[in-house]
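See structure below.
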Amino acid sequence: MKSKKFEVTAWPEMWEGLGMDVARFDKARQMLGEAYDKLFLSQAQRPEKMAYFDNMISEIFGGRIKEILAAKESGRPVVGTFCVYIPEEIVVAAGGICIGLCGGSPGSIPDAEKILPRNICPMVKSAYGFKAGRICPYFQVVDFVYGETTCDAKKKTWEILDRLVPTHVMEIPSMKRPKDRALWLEEVKDFKTKVEKISGRKVSGDNLAGAVRLINRKRLALQRLTGLRANNPAPISGMDALLIEQIAFYDEPERFAAKVNELCDELENRVKDGMGVMSAESPRVMVSGTPMALPNWKIHNLLESAGAVVVNEESCIGTRYFKDLIAEDSGSMDEQLANLTDRYMQIDCSCFTPNDERVDQVLREYRQSGAQGILHYSLQFCHTYNIEEIKIREACESEGIPYLSIETDYSPEDAGQLQTRIEAFLEQIGD
Ligand code: BJ8
């Protein structure tokens with residue numbers, strides 16, 4: 001039951017101090033609040049423990065930024081990243097804060113298109129546009145950003161982004177042979193050295209072991225949440241689960257893990273009571289593909305508005321971020337870095353060739369989640385996911401899994417056409 005109107009709180013003085021375009025950003029803040037009110041708070045049977053995450057969105061440009069500024073003042077480095085291949089454990093071990101800066105909004109794309117080509121991935125344009133337009137407090141608060149060489153759009157954008165914010169780049173190989181692992185391990189070591197140098201803080205073996213335990217706890221909490229969504233009726237909507245997976249890249253890890261676990265306790269009770277957010281007859285859909293950065297809720301909203309429930313995200317803002325843990329039996333620094341590298345090498349992004357383990361992973365998650373169909377989601381101009389879609393489609397065909405592939409961007413223009421396709425897909429599941 002809704003009581004008062006939801007609002008993303010305004011902190012104009014703090015934003016001014018961060019050098020932001022306050023007038024413009026304030027409009028975006030209001031729009032986010034309205035969208036959140038409409039899309040999230042109107043959902044039926046929401047778990048009570050979602051209140052924490054609602055508050056997190058309310059304070060996303062205020063209270064959380066204040067916390068980060070306080071940490072900065074105490075000498076802790078703040079590092080922005082754009083990919084789940086950047087090892088956040090090392091940033092945390094250096095006493096730092098790691099923030100995901102991928103862009104999920106159409107609002108910043110015109111800023112990017114003043115300089116970047118139009119026909120590249122909207123996630124890259126949106127992220128760049130946030131910095132170019134000075135309309136993201138997280139971009140303003142980071143000491144430096146760390147990019148990677150996963151896709152062409154990203155790795156070339158880092159050269160241009162470096163003009164606006166210090167941008168370092170970690171080389172991620174394109175294959176996973178023993179010689180690639182050797183290079184990767186060297187890159188992880190270089191990353192540690194660079195983070196230590198820039199932050200002026202040494203990473204000890206104990207610090208790293210502690211950071212590994214902390215981030216493992218965060219990933220375990222998200223695994224627990226995913227496991228609970230496998231129940232029918234689903235105890236939480238896909239919209240809320242996606243929101244939590246997005247907040248994972250902004251929140252303080254210890255608190256976030258505790259709050260996700262509190263929510264999971266509530267969901268366990270719901271499962272015992274047979275209570276769900278939708279009926280047990282609602283079509284259950286798994287979404288697989290490119291990440292959906294905050295506030296990209298387009299596909300989940302279309303699916304759930306059409307009566308489906310999303311039960312899994314095989315995505316970097318989803319299971320690819322938390323399915324693998326790092327071995328905790330800490331040894332020497334070299335052993336720990338080797339364990340860390342092995343964990344990161346298990347992430348199956350389509351930027352790799354070959355990448356058949358992702359096809360197996362998609363099928364595994366499909367079975368584990370109790371989904372009845374797969375929607376493959378690819379951002380426009382993301383060549384690697386768009387081409388890898390062929391293999392995912394073939395695997396679904398041979399397994400008899402209802403399947404729909406969607407390629408789209410952040411604009412609302414194709415919503416009507418997508419809705420028609422999604423409704424036809426859900427009918428297919430129902431047959
Ligand atoms: S590990 S998916 S976070 S690279 S969607 S920007 S690939 S053109 S986001 Fe990603 Fe790391 Fe891979 Fe995950 Fe390029 Fe594709 Fe855009 Fe992408």
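When a ligand or atom number is given, it counts from 1 through the structure's own listing order. Only heavy atoms go into these numbers, but all of them, side chains included; no hydrogens, no water, no symmetry mates.
Compare G318, C151, C316, C382 by their heavy atoms: the one nearest to atom 13 (Fe) of ligand 1 is in C316.
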| query | ring-ring contact (aromatic ring centres under 6.0 Å, His included) between F25 and F61: does it pass, once the steps are laid out? | reply | CA-CA 10 Å; F25 181 63; F61 302 137; 4.7 Å; yes
| said: Please evaluate residues F53 and F40 with respect to the criterion ring-ring contact (aromatic ring centres under 6.0 Å, His included), reporting the C-alpha separation (whole Å), side-chain torsions for both, the decisive distance (0.1 Å), and the verdict. | reply: CA-CA 11 Å; F53 302 98; F40 285 87; over 10 Å; no
| task | Show your reasoning for whether ring-ring contact (aromatic ring centres under 6.0 Å, His included) applies to Y36 and F6. | result | CA-CA 8 Å; Y36 194 82; F6 180 84; 4.6 Å; yes
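Taking the ring axis of F352 as reference, the NZ or CZ atom of K176 stays within 45° of it and closer than 6.0 Å to the ring centre.
Remark: of the listed residues R358, Q361, H376, R358 is the sole one forming a side chain to side chain donor-acceptor pair (under 3.5 Å) with E314.
Heavy-atom proximity to V124, at under 4.0 Å, picks out these atoms of ligand 1: 6 (S). Numbered from 1 in the order shown, with element, the atoms of ligand 1 that lie under 4.0 Å from a heavy atom of Y85 read 1 (S). Every atom of ligand 1 is numbered from 1 in the order shown, and the set under 4.0 Å from a heavy atom of Y385 is 2 (S). Near M123, the atoms of ligand 1 lying under 4.0 angstrom from a non-hydrogen atom of the residue are 5 (S), 9 (S), 17 (Fe). Residue C121 approaches ligand 1 through these ligand atoms, each under 4.0 Å from one of its heavy atoms: 5 (S), 6 (S), 8 (S), 16 (Fe). Contact atoms of ligand 1 toward T150: 4 (S) (distance under 4.0 Å to a heavy atom of the residue).
When side chains are defined from C-beta on, L379 counts as touching Y410, because their heavy atoms get closer than 4.5 Å.
Using a 4.0 Å cutoff on heavy atoms, P291 counts as a contact of ligand 1.
Of all protein heavy atoms, the one closest to atom 10 (Fe) of ligand 1 is K154 NZ, 3.7 Å. In terms of protein heavy atoms, atom 12 (Fe) of ligand 1 is closest to C349 SG, 2.3 Å.
With a cut-off of 2.8 Å, atom 12 (Fe) of ligand 1 has no N, O or S atom of C83 in range.
Note that OH of Y366 is 7.0 Å distant from CD of Q372, once rounded to the nearest 0.5 Å.
A donor-acceptor pair under 3.5 Å is formed between the side chain of E335 and the backbone N or O of S332.
Residue contacts with ligand 1, taken as heavy atom pairs separated by less than 4.0 Å, do not involve H383 at all.
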